[in-house]
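Below is one structure; the comments refer to it alone.
Proteins get letters first, then strands, A, B, ... in listed order; numbering begins at 1 in each.
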Protein chains: 2
Amino acid sequence: MNKNDNITNLSFDFEFLDKVIVGIGEVSQITNIPTRQIRYWEDKGIITSLTEKEGKNRRYDYKNIKKMLLIKELLDEGYTLDASAEKVKKRIILIEEMLKKLKKDYS
Amino acid sequence: MNKNDNITNLSFDFEFLDKVIVGIGEVSQITNIPTRQIRYWEDKGIITSLTEKEGKNRRYDYKNIKKMLLIKELLDEGYTLDASAEKVKKRIILIEEMLKKLKKDYS
DNA sequence: ATTCATTTTGTAAATAAATTACAATGTTTG
DNA sequence: CAAACATTGTAATTTATTTACAAAATGAAT
């Protein structure tokens, strides 16, 4: 499969997933997590933003947005924040590996 | 395939593509199109934002970001803005149909 | 039940980003 | 070169975000 097939084959739009970065307000809308809570999680080191590299305001990549969604699910299931974060770590590693692999295969 | 497999199977993270909305600044970073130009295209009716529904500032969904990227490609190939927009319309319809279909199949 | 740690939420003042509406400058083509 | 098309500039205003303080919830253990 070649890069340009991506145009209509969304199943493999990793370029987009890889490029996309989103401000805290939009992340809040996407995930339904209050901005205040997102900042707290970041303060605790559970998620990370691209602030330093990108600008003055927080920017989150796909990996971290996904992380938030997963943590939120586990919180709802009754896990503590730390436990959720720990559990999610493993999944995130899988996601990262898959993204890396797919990036290699389809570019 | 069920909804929760999405967690590690990124090939089918349509939920994300469907939910994601991005501010004009981030769209500009993602696409390398100046914000000024994005606003101009919107003024011309070539792309649309979710401003009215969402808030005071412009928010773009996946479809419109994709549209911008495609238009940009065609502009580089020498098409005029209107011609590019017209050409892209057809591709966008395909993208929309595919998104709709995949949403139905994998949820 | 009260203590204690964890987690979420509130808010004011300052900074950063986006909007609008005006216009100016490029660019292309007949 | 004229004329339509397209991009870019910018000042003043509005909106969003940040930080840093603190106050409430929440929950578990003693």
Between A:K44 and A:R39, just flag the one whose closest nucleotide in DNA chain C comes earlier from the 5' side.
A:K44
Pick base, sugar-phosphate or nothing for B:L75, based on heavy-atom distances below 4.0 Å to the nucleic acid.
sugar-phosphate
Run the salt-bridge test on B:D61 and B:K19 with the 4.0 Å N-O cut-off and return the result as yes or no.
no
A:I46 backbone acceptor or donor facing A:K67 side chain under 3.5 Å:
yes
When A:R36 and A:G78 are each assigned the nearest nucleotide of DNA chain D, the 5'-most assignment goes to A:R36
Would you classify A:R58 as touching base, sugar-phosphate or nothing, given that sugar-phosphate means primed atoms plus P, OP1 and OP2, and contacts are heavy atoms under 4.0 Å?
sugar-phosphate
Side chain A:K66, main chain A:I92, donor-acceptor under 3.5 Å:
no
Give B:T80 one of three labels, base, sugar-phosphate or nothing, depending on what nucleic acid heavy atoms sit under 4.0 Å from its own.
sugar-phosphate
Do the side chains of A:I30 and A:L50 join up, straight or via other hydrophobic residues, at under 4.5 Å, putting them in one cluster?
yes
I'd like to know if the side chain of A:E73 reaches the main chain of A:L70, judged simply by a donor and an acceptor atom lying under 3.5 Å from each other, with no hydrogens or angles considered.
no
Scan A:E42, A:R58, A:R59 and name whichever one has a side-chain contact (heavy atoms from CB on, under 4.5 Å) with A:I24.
A:R58
Compare all side-chain heavy atoms of A:Y60 with those of A:T48 and state whether any distance is below 4.5 angstrom.
no
Heavy atoms of chain A, cut-off under 4.0 Å: which first and last nucleotide of DNA chain C, 5' to 3', fall inside that, if you could look?
C:dT7 to C:dA17
Taking NZ, NE, NH1 and NH2 as the nitrogens, is one of them in A:K100 or A:E97 under 4.0 Å from a carboxylate oxygen of the other?
no
Along DNA chain D, first and last positions that approach a heavy atom of chain B under 4.0 Å:
D:dA6 to D:dA16
